[in-house]
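For the single chain, residues carry numbers from 1 onward in sequence order. Remember, predicted model here, so these are calculated numbers, not experimental data.
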Amino acid sequence: MLLPMVVLAVLPILYIVFTAFKPMGELFAYPPKFITTRPTFDNFTKLFEASENTVFPLSMYLFNSIVSTVSVVVLGMFISLSAAFVLSKKRFRGRQLIFKLNTLSMMFVATAVSIPRYLIVKEVGLLDTFFANIIPLLAAPISVFLLKQFVDQLPDALIESARIDGANDYQILFKIIMPLVKSALATVAILLFQNSWNSMEASNLFITTESYKTFAFYMHSLSAAGNGVAGAGMSAAAALLMFVPNVVLFVSMQSRVMSTMAHSGLK
């Protein structure tokens, strides 16, 4: 029963891989070919040849993406878990309203709020700075929502017993809450990684200095620079290069993503 579902899930991944290695004759073949019959590295060769003709090296864009993505994942996990802890276990006026606003914000896609985001980035002085790649992505409503559901399941008696033993909020957060919600944190880490690694919003809208832009923007620019068939081949190669880190991260953390809250609590 699961086999047809597995096939449907794997087909898009295979399509990305096959397309990246298709020669020019197969990219625009009619009828279209799903499986590559004559795989080639020409698309990757042309992509990297195009990168050699640019003013700034590929390594600079890759470094920017690595630094910004790691920062977003680490800081985003801390901020989201802290917010989830406060909204779940603290009692204060407006707590439910804040959580409802957080849930409501998930209705809006990034494109719908691009103008307000630009105005906020401008007002706080982040325009044309490297931090524009990091700070706007730290607001992750889905991460707060997911983590709060897990923290809600932790018994209040566990928190109170820690307070009686003299633990402060940060000790409770790092020594009690975090170990018990590791499965949710793994899922949040994947979501934050994908959101940052694949993001081109800052490079397109907030940053004009080329040395602050990211690898995703660089790959898109190179693939868009080609014309006709050559551009399609470079686009396919760039898409695969951007896709591989996401797969590697998910495969390496899937055991934690699939683990249940009950199993985490028993540990």
Side-chain angles (χ1 to χ4, degrees), residues 66-108 110 113 117 120 124 126 131 133-199 245-267:
I66 292 174
V67 172
S68 61
T69 300
V70 171
S71 301
V72 168
V73 171
V74 174
L75 294 176
M77 289 172 63
F78 172 72
I79 293 173
S80 297
L81 183 59
S82 300
F85 172 54
V86 170
L87 292 174
S88 176
K89 298 304 180 184
K90 297 289 186 179
R91 297 294 181 265
F92 57 91
R93 183 177 298 178
R95 179 173 63 97
Q96 294 296 334
L97 176 61
I98 293 174
F99 182 67
K100 288 179 180 179
L101 290 175
N102 179 83
T103 305
L104 182 65
S105 66
M106 293 190 295
M107 296 175 56
F108 301 94
V113 294
R117 284 166 67 91
I120 293 173
V124 300
L126 292 177
F131 294 104
N133 292 315
I134 301 173
I135 295 179
L137 297 179
L138 296 180
I142 184 63
S143 300
V144 176
F145 177 83
L146 176 63
L147 288 171
K148 183 182 181 299
Q149 308 312 308
F150 275 66
V151 177
D152 283 344
Q153 299 180 48
L154 300 180
D156 292 338
L158 186 64
I159 309 298
E160 294 302 324
S161 63
R163 293 195 186 280
I164 293 174
D165 290 337
N168 57 37
D169 285 338
Y170 287 103
Q171 289 174 324
I172 293 173
L173 182 67
F174 289 111
K175 295 185 178 181
I176 297 178
I177 303 294
M178 185 176 291
L180 294 176
V181 297
K182 287 189 293 186
S183 58
L185 281 174
T187 304
V188 168
I190 292 175
L191 294 175
L192 290 171
F193 177 88
Q194 292 178 336
N195 194 29
S196 178
W197 180 259
N198 299 321
S199 176
N246 294 282
V247 175
V248 172
L249 180 66
F250 179 80
V251 170
S252 62
M253 301 184 70
Q254 65 174 337
S255 60
R256 294 213 179 268
V257 174
M258 301 303 295
S259 62
T260 62
M261 186 59 195
H263 179 65
S264 299
L266 290 174
K267 281 189 173 180

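Listed by chain and residue number, D152 satisfy the side chain to side chain donor-acceptor pair (under 3.5 Å) test with S88 (two or more places apart in sequence, or in another chain). Residues meeting the side chain to side chain donor-acceptor pair (under 3.5 Å) test with S80, sequence neighbours left out: none.
In this structure, CZ on R163 lies 4.0 Å from CD1 on I172, to the nearest 0.5 angstrom. Note that CD1 of I66 is 11.0 Å distant from OG of S196, once rounded to the nearest 0.5 Å. To the nearest 0.5 Å, atoms CG (D169) and NZ (K89) are separated by 13.0 Å. Considering CD1 of I134 and CG of L75, their distance stands at 7.5 Å, rounded to 0.5 Å. Note that the CZ atom of F131 and the OG atom of S68 stand 11.5 Å from one another [nearest 0.5 Å]. Rounded to the nearest 0.5 Å, atoms CD1 (I142) and CG (N195) are 11.5 Å apart.
The two residues L138 and G76 come nearest to each other via the heavy atoms CD2-N, 3.8 Å. Listed here is the closest heavy atom pair of N102 and F145: ND2-N, 3.9 Å. Considering all non-hydrogen atoms of both residues, P141 and A139 come closest at CD-O, 3.5 Å. Minimum interatomic distance between A84 and V144 (heavy atoms only, all atoms of both residues): CB-O, 4.1 Å. Here the closest non-hydrogen pair linking V72 and N133 is CG2-O, 4.1 Å. Across all their heavy atoms, L87 and R95 have their closest contact at O-NH1, 2.8 Å.
Looking only at distances, no side-chain donor or acceptor of D165 sits under 3.5 Å from a matching main-chain atom of A167. Side-chain atoms of N198 come within 3.5 Å of backbone N or O of Q194 as a donor-acceptor pair.
The number of heavy-atom neighbours closer than 6.0 Å to OH of Y170, taken from other residues, nucleotides and ligands shown, is 12 or below. Within a 6.0 Å radius of CZ in R91, more than 12 heavy atoms belonging to other residues, nucleotides or ligands are found.
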Open item on the list: Apply side chain to side chain contact (heavy atoms under 4.5 Å, CB included) to residues V74 and F78 and explain how you reach the verdict.
Closed with: CA-CA 6 Å; V74 174; F78 172 72; 5.9 Å; no
TODO: Just do the side chain to side chain contact (heavy atoms under 4.5 Å, CB included) check on L180 and L158 with the steps written out, would you?
DONE: CA-CA 11 Å; L180 294 176; L158 186 64; 3.6 Å; yes
Open item on the list: Evaluate V188 against F150 for side chain to side chain contact (heavy atoms under 4.5 Å, CB included), listing each step before the verdict.
Closed with: CA-CA 12 Å; V188 168; F150 275 66; over 6 Å; no
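Counting heavy atoms from C-beta on, the side chains of F85 and L81 never come closer than 4.5 Å.
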